[in-house]
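We name chains A, B, ... by the order of the sequence lines, and we start the count at 1 in each one.
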Number of protein chains: 2
Amino acid sequence: MPFTNNEFRTAFSVDNVIFGFDDADLKILLIRRAEEPFANHWALPGALVNQDEDLRDAPIRVLKELTGLDNVFLEQVKTFGKVNRHPSGRVITIAYYSLINIHKVAPQAMSFADEVSWIKIKDVDSLAFDHKEILDFSLVKLRRNVKLRPIGFELLPDTFTLSQLQSLYEAVLDKELDKRNFRKKILSMKLLLDVKQYQQGVAHRPAKLFSFNPERYLTLKAEGFNFEI
Amino acid sequence: MPFTNNEFRTAFSVDNVIFGFDDADLKILLIRRAEEPFANHWALPGALVNQDEDLRDAPIRVLKELTGLDNVFLEQVKTFGKVNRHPSGRVITIAYYSLINIHKVAPQAMSFADEVSWIKIKDVDSLAFDHKEILDFSLVKLRRNVKLRPIGFELLPDTFTLSQLQSLYEAVLDKELDKRNFRKKILSMKLLLDVKQYQQGVAHRPAKLFSFNPERYLTLKAEGFNFEI
DNA sequence: CCAAAAGTGTTATTGATACACCCATGG
DNA sequence: CCATGGGTGTATCAATAACACTTTTGG
C-alpha cells in the first residue's frame, strides 16, 4: 500500500496537560498564545509532531522545553480529531497528561508563547481551540487513575507529610477525606518510607516526613491493587 | 499558524479491534491482508482517515463496511505512533475497540482483504504491523472497563441466561467465577429485566431469560458504580 | 433413570465508615 | 498560655468469599 500525496494533508500535534500541586490547589501549566489563531488566549502547550520523531517523544520534548524536566510521569489521554477543531487546517491532536512536582519547575516561555503560568484548575473557564474539552477529559482520567495507582506521589516533593498527601488527594478528587481513615489506608499499603525526620519551623507540632517506596509500588502494581479512598 | 507543506507528510489511519463472544470464547474479527506489506498476514481491519471526516467517523465507517452494523459500542483505545511502525511511510494509527453481538454479523470481505474471520483471542499469536501490541492493549482496556461498567451486555444476544452472562465474564476476565456470588451481585444491581421466558429445547432444566435494562444502566452510570466481580 | 445444567442461603471474613480527644511546637 | 495542625483507636455496617445440594428437562 504505497501512499499517494492525497493522504498527507492532515497535520498532527500533541497537547500537554501538565498538572501540578502546591499544598492546596491542583494547577495546570498553561501558555498564553502570542499568535493567531486565538492570540492572547490561554491554551495547552503543544507542538507539531516531527516527521522523524516517535509520537511519545513529542510531548516529552514539549515538557523539556517548557520546564527543563526529563523523566516525568506522562500518559496518553486521548486523540481529538474533529474536522474543524483547528481553524487553520485539519489537525489531529494527541493529548498527554503529566504530573510534576511544581517546586522543581521554573518554566520559561516557549517561543510562541507570551506567558507561561500555573493556573488553578478551578479558575480555568475557557481555553483556545478544544483545549477545555481536553482538560476536562484529562481530569476525569486523572481522577480515575489516582484511585487505581498512587500516581499522586509524582506531584509531591521527595519528602512530604501525611497531611500534604491527604490534601493532594482532596484537591484531585475535590472531596474531603477523613484523617484517621486516610492514614489507616495509606499506611496499610506499606508504600511509604519513614525518613525519620520531622518538619521544621512550623508553629505547631511538627509532622513526620515520609518518602515514597518505589519498590513497593512496583510490587503493588504487579499484583494489581486499588487505591479506593 | 498557517501550515507549510512540510507538516503534511504523515498519514493517519484507524484500526478496529472488534470483539465478539460466542457462548464460550472471546473472539476478534480479523482480516487476512491481500496486499503488501504483510500480504497473507492476519491484521486488524482499518482505514485511512478521510480529509473531511471526523476522526471517530472513520472506525464507524470500517465497522459498517465490514459488518453492516451501525450504532455499535465503540471506544478509543490509544494512538500508536512509532516512526517505523509502518514500512511504507509514517503512519500514525488511532485504535478503537468495539463490542458486538457475534450472531448479528455476517461479515463480508472488504476490498483489500482476502478473508475475514472471527478468531479466538487465545489463538492469536502474531499479527501484521504492531497490531498484536494494539490487540494486547485493547484487551487490558476491555478487562478494566468490564469491571467499571456493564459493557459486557453488548456482546450478548438481546435475551440471554445468567449462565451465558457469567461465561462471558469468565471469558473476558479469563478467570472462573462463583455461580452463586455472581448471580447475587448481578441481580442486586437490578440491571436485568426478567423477560418471563425460558430457554427451549435444551437437554436440561431450561434457564430463565433476561434482557438488559438500559434505563437502569444510565442511572448507574450517572451514579458511578463499580462492577467488581 | 441418567446426564446435564439451573437454581438457591448461610456463615465467616474483610474492608469501609463514622467519630473526638490529647500532643508538641512557635509565638 | 494560646493557637495551630499532628497524631491516634474503636465500634458499626456493608461487601466479599467460600461452600453443596436439589430441581427440571430431554434423551
Point to revise | Spacing of B:K185 atom NZ relative to C:dG9 atom P, expressed in whole Å | key: 20 Å
Check your understanding: Tell me the salt bridge (charged side-chain N to carboxylate O under 4.0 Å, His left out) pairs involving residues 189-207 of chain A, sequence neighbours left out?
Key -> A:D194-A:K208
Review point. Taking atom P of D:dG6 as reference, at what distance in whole Å does atom CD of A:Q199 sit?
Key: 7 Å
Review point. Going by the salt bridge (charged side-chain N to carboxylate O under 4.0 Å, His left out) test, which pairs reach into residues 173-182 of chain B, not counting sequence neighbours?
Key: B:K122-B:D174
Review point. Would you say C:dG7 has OP1 or OP2 under 4.0 Å from some side-chain N or O of B:R183?
Key: yes
Practice item. Using whole Å, report how far CG of B:L209 lies from C1' of C:dA6. Key: 12 Å
Point to revise | Cation-pi check, B:K78 onto B:F80 ring (under 6.0 Å, within 45° of axis) | key: yes
Practice item. Can you label the angle between the A:H131 ring and the A:F129 ring as parallel, tilted or perpendicular, going by 30° and 60°? Key: tilted
Point to revise | Within residues 165-175 of chain B, residues whose heavy atoms come under 4.0 Å of DNA chain D | key: none
Practice item. Determine yes or no for a side-chain-to-main-chain donor-acceptor pair under 3.5 angstrom, with B:N16 supplying the side chain and B:P59 the backbone. Key: yes
Review point. Under the side chain to side chain donor-acceptor pair (under 3.5 Å) test, which residues partner A:S167, sequence neighbours left out?
Key: none
**Study point:** Length of the line joining A:F182:CZ and C:dT17:P, which is rounded to integer Å
**Key:** 13 Å
Exercise for review: Mind calculating the distance between CD (A:Q164) and P (D:dG7) to the nearest angstrom?
Suggested key: 11 Å
Exercise for review: Indicate, with a heavy-atom threshold strictly under 4.0 Å, whether A:S163 touches base, sugar-phosphate, or nothing.
Suggested key: sugar-phosphate
Exercise for review: Check B:L127, B:V124, B:I31 against B:W42 for a side-chain contact (heavy atoms from CB on, under 4.5 Å) and give me the one that passes.
Suggested key: B:L127
Check your understanding: Quick one: what's the B/S/- string for nucleotides 19-27 of chain C, heavy-atom cutoff under 4.0 Å, read 5' to 3'?
Key -> BB--BBBS-
Show which side-chain atoms of residues 151-166 of chain A pair as donor or acceptor with protein atoms under 3.5 Å away, not counting sequence neighbours.
residue, atom, partner, partner atom, Å
A:T161, OG1, A:S163, N, 3.4
A:T161, OG1, A:Q164, N, 3.1
A:S163, OG, A:R183, NH2, 3.3
A:Q164, OE1, A:T161, N, 2.9
A:Q164, NE2, A:D23, OD1, 3.1
A:Q166, NE2, A:E170, OE2, 3.2
A:Q166, NE2, A:L177, O, 2.9

